[in-house]
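Let me begin by handing over the structure; questions about it come next.
Chain letters run A, B, ... following the sequence lines, proteins first, then strands; residues in each count from 1.
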Amino acid sequence: MIEFRNVTKEYPGGTLALDDVDFTIDKGEFVFILGHSGAGKSTLLKLMLREEEVTDGVITIADYNLNKIRRRKIPYLRRELGVVFQDFRLIPTMTAYENVAFAMRVTNVSAREIRRRVPYILKLVGLEDKSQVYPEQLSGGEQQRVALARALVHNPKIILADEPTGNIDPKLSLEIIELLKEINRLGTTVVVVTHDISIVNRFKERTIILRNGRVLRDTKEARQ
Amino acid sequence: MRGSSFGYLVRQGIINTWINRMMSAASIGILTACMIIVGGSGLLAVNIRDIFRSIEEKNELVVFLKDEADEAAIADLGDRIETLDHISSYYFVSKADALEEQKEFMGDKGYLLNGLEDDNPLPASYRIKVDSLEHLNYVVDELKYYNGVETVSAPTDLARTLTGVEKTFLILGSIIIGILIVSSAVVISNTIRLTLYARRREIMIMKYVGATDSFIRLPFVVEGITIGVVSALLAFGVLSLIYESLGTMFSGSGISWLTGVSSSLIPFSKLWKAVLGSFLGFGIVLGAFGSGTSIRRYLRV
Ligand SMILES: Nc1ncnc2c1ncn2[C@@H]1O[C@H](COP(=O)(O)OP(=O)(O)OP(=O)(O)O)[C@@H](O)[C@H]1O
Ligand SMILES: [Mg+2]
C-alpha cells in the first residue's frame with residue numbers, strides 16, 4: 001500500500017531531511033512513525049502527498065508511482081489519502097458540517113451523496129451534535145475530530161495523521177488514537193506521525209523510529 | 001463535471017465578486033472606461049471609413065486622349081488599362097459622346113453647342129474607377145506617359161491625404177487599444193489576486209483533499225468573466241447613449257457642416273449588434289485571461 005525504496009530527500013538549502021529511508025506498509029496496517037523534532041516526519045508526509053518530490057529513491061502509494069505520476073493525476077492520488085494535519089486546517093467561515101461537506105463538494109461528489117455521507121461521518125467521530133458549530137466555538141479535540149471527519153469522508157484507503165496528539169491534552173490524545181484504531185479495524189490503513197513516545201508505548205503497534213532522517217528502528221523487522 | 005458542482009462553482013464565483021465588491025467595482029469602472037474608449041474609436045473609425053468609401057465611389061480617374069490619337073492607339077490604350085491591376089471598371093467616351101454629355105449637362109442651353117460636331121473641341125477619354133484610393137497614384141503613373149495620352153486628371157492629392165489619415169488613424173488606434181487591453185488585463189488580474197489571497201487557505205485545503213486544478217480555477221474564472229460581462233453591458237449602454245445624442249446634437253445644431261455629418265452617420269441600429277458582441281467577447285476573454293494568469297501561482301502545491 002505504501003512503499004519507500006531507498007528514499008532520500010534533500011531540500012534546496014542543502015538540508016538532508018531523509019536519508020536512504022526504506023520501508024513497506026501493507027494494506028490494513030496501523031503504524032506509528034516516531035521521531036524527534038526535525039527528524040523528517042513531516043517531510044515523509046509531504047512526499048506521500050506529492051507536495052515535494054524525492055531527490056533519490058522510489059515511492060509507491062496505492063498503485064501510484066510518485067516518481068512518474070503526472071501533474072493531472074495528483075488530485076486522484078490525494079483522494080486515496082485522508083490527511084489530518086497538526087494544525088487541523090479547517091475553514092473558519094464554515095461550520096463543522098460545511099467543512100466536511102466542502103471536501104466532498106470540491107471533488108465532484110453529488111449533493112445527494114454529500115447529504116447522506118456527512119452526517120454519517122460526523123456521527124462516527126462523535127460530533128453529530130456539533131455539526132452546525134463554527135471551528136472557533138469548538139474545543140481543540142473537537143476541531144481535531146472535524147479534521148478527522150474531513151479526512152475520512154472520501155473513504156480513503158489510507159489515513160495519514162500528523163501529530164494528532166500535539167495540540168490536545170493526554171486524555172483526548174488517547175481518545176483520538178482509539179478512534180483511529182477503530183477506523184483501522186474497519187479496514188483503512190492508518191499512519192500516525194508523532195514525537196510522543198508515551199502514546200506509542202501505550203498502544204504496542206508497529207513503530208518506525210526516525211532519527212536525523214534515517215530509519216533507526218522498525219519494530220516489524222525487529223519482531224521477524 | 002456534474003451539473004450540481006458546476007452550478008456550485010459558478011455561484012461561488014459570483015459570490016466572490018460580491019464579497020470583493022470594492023475591488024470589483026474599481027475594475028469594472030476601469031474596464032468600462034477602456035471599452036468606451038476602444039468602442040468610441042471603433043465607431044469613429046467605421047464612420048470615417050464609410051465617408052472614405054463614398055468619396056472613393058464618386059471619384060473616377062479620367063484619361064484624356066490627344067486629338068491625333070487614332071483608332072489603333074485608342075484600342076492599344078484600352079488593352080493596357082485592361083491589364084492594369086487595381087481597376088474595378090472603365091469605359092470609353094468618344095469625342096462625340098463627350099459632346100453629347102456636355103449638351104445634356106447644359107440642359108436647355110445645349111443648343112449652343114450645335115454645329116460643333118465637325119470641329120469638336122472636346123477630347124475623347126477613358127473613365128476609370130480604381131478599387132481603392134491608395135492605388136490611385138499607381139494607376140495615374142502607369143498611364144500618364146502612355147502613347148496618345150494628353151493628360152490624366154485624378155484627385156491624387158485628396159487620395160494621398162485620405163490614405164495618410166487612414167493609416168495614421170489605424171496605427172494610433174492599434175497602439176491605444178493595445179495599451180488599454182493590457183492595462184485592463186492587469187486590473188482584472190489584480191482584483192482576482194485579492195480574492196485568491198483571501199481564499200488561499202481554502203485553495204490549499206482544496207488541493208490537499210484532491211480537488212483538480214480546473215475545479216479550483218473555475219470560480220475565479222467566473223469572477224473574472226462576471227466583471228467582464230458587467231463592464232461590457234455598462235459600456236454598451238453608455239456608448240449607445242453618447243452616439244445617439246451626438247447624432248441629435250449635430251442635426252439640431254444649425255451649423256450646416258455638422259448637420260451634414262449627422263446625416264452621414266451610420267445609424268446605431270446598424271451597429272449595436274457588432275458593438276455589444278465585441279464588448280462581450282472582449283470582456284469575457286479578458287476576464288478569463290486575467291483570472292487565469294493570477295491563479296497559476298496558487299495551484300503549484
Ligand atoms: N521546505 C523546506 N526547505 C528546507 N528545509 C526544510 C524544509 N522543510 C523542512 N526542512 C528541514 O528538513 C528537516 C526535517 O524537517 P521536517 O519538517 O520533516 O521535520 P519533523 O520531523 O516534521 O519535525 P517536527 O516534529 O518539528 O514537525 C529539518 O531540518 C527542516 O529544517
Ligand atoms: Mg512536522
Just do the side chain to side chain contact (heavy atoms under 4.5 Å, CB included) check on R105(A) and V209(B) with the steps written out, would you?
CA-CA 10 Å; R105(A) 203 172 278 135; V209(B) 299; over 6 Å; no
Which atoms form the tightest heavy-atom contact between R78(A) and G210(B), and what is the distance?
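Nearest pair, atom of R78(A) first, then G210(B): CB-CA, 4.0 Å.
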Which atoms of R72(A) are under 4.5 Å from chain B, going by heavy atoms: the side chain, the backbone, both sets, or neither?
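Looking at R72(A), nothing touches chain B.
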What do you reckon, is OH of Y197(B) surrounded by more than 12 foreign heavy atoms closer than 6.0 Å?
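Not buried by this count: 12 neighbours or fewer within 6.0 Å.
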Please check if atom OH in Y120(A) has more than 12 non-hydrogen atoms from other residues, nucleotides or ligands closer than 6.0 Å.
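Open: at most 12 neighbouring heavy atoms sit under 6.0 Å from OH of Y120(A).
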Does NZ belonging to K130(A) count more than 12 external heavy atoms closer than 6.0 Å?
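Counting neighbours around NZ of K130(A), 12 or fewer heavy atoms of other residues, nucleotides or ligands fall under 6.0 Å, so no.
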Looking at CZ of R199(B) and OG1 of T93(A), how far apart are the two atoms once the value is rounded to the nearest 0.5 Å?
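Taking CZ in R199(B) and OG1 in T93(A), the distance rounds to 7.0 Å.
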Taking all non-hydrogen atoms of both residues into account, name the closest pair between T212(B) and P75(A) and its distance.
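Looks like CA-CG, 3.8 Å.
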Is the count of non-hydrogen atoms from other residues, nucleotides or ligands lying under 6.0 Å from E113(A) atom CD greater than 12?
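Enclosed.
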Nearest heavy-atom pair of I205(B) and F102(A): which atoms, and what distance?
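Closest heavy-atom pair between I205(B) and F102(A): CG2-CE2, 4.2 Å.
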So, taking the atom named CZ in R201(B) and the one named CG in L90(A), what distance separates them when rounded to the nearest 0.5 Å?
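If I round to the nearest 0.5 Å, the distance is 7.0 Å.
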Report the distance from atom CG of L81(A) to atom OH of Y208(B), rounding to the nearest 0.5 Å.
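Between atom CG of L81(A) and atom OH of Y208(B) there are 12.0 Å.
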Using a cut-off of 6.0 Å, state whether more than 12 heavy atoms not belonging to F268(B) lie near its atom CZ.
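More than 12 within 6.0 Å, yes.
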If the condition is ring-ring contact (aromatic ring centres under 6.0 Å, His included), which residues does Y97(A) pass it with, not counting sequence neighbours?
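Partners of Y97(A) by the ring-ring contact (aromatic ring centres under 6.0 Å, His included) criterion come out as none, since no residue qualifies.
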Taking side chain as everything from C-beta outward and backbone as N, CA, C, O, which of these in M104(A) sits under 4.5 Å from a heavy atom of chain B? Side chain, backbone, both or neither.
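For M104(A), neither part sits under 4.5 Å from chain B.
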Flag yes if more than 12 heavy atoms outside D85(B) fall under 6.0 Å of its CG atom; otherwise flag no.
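More than 12 within 6.0 Å, yes.
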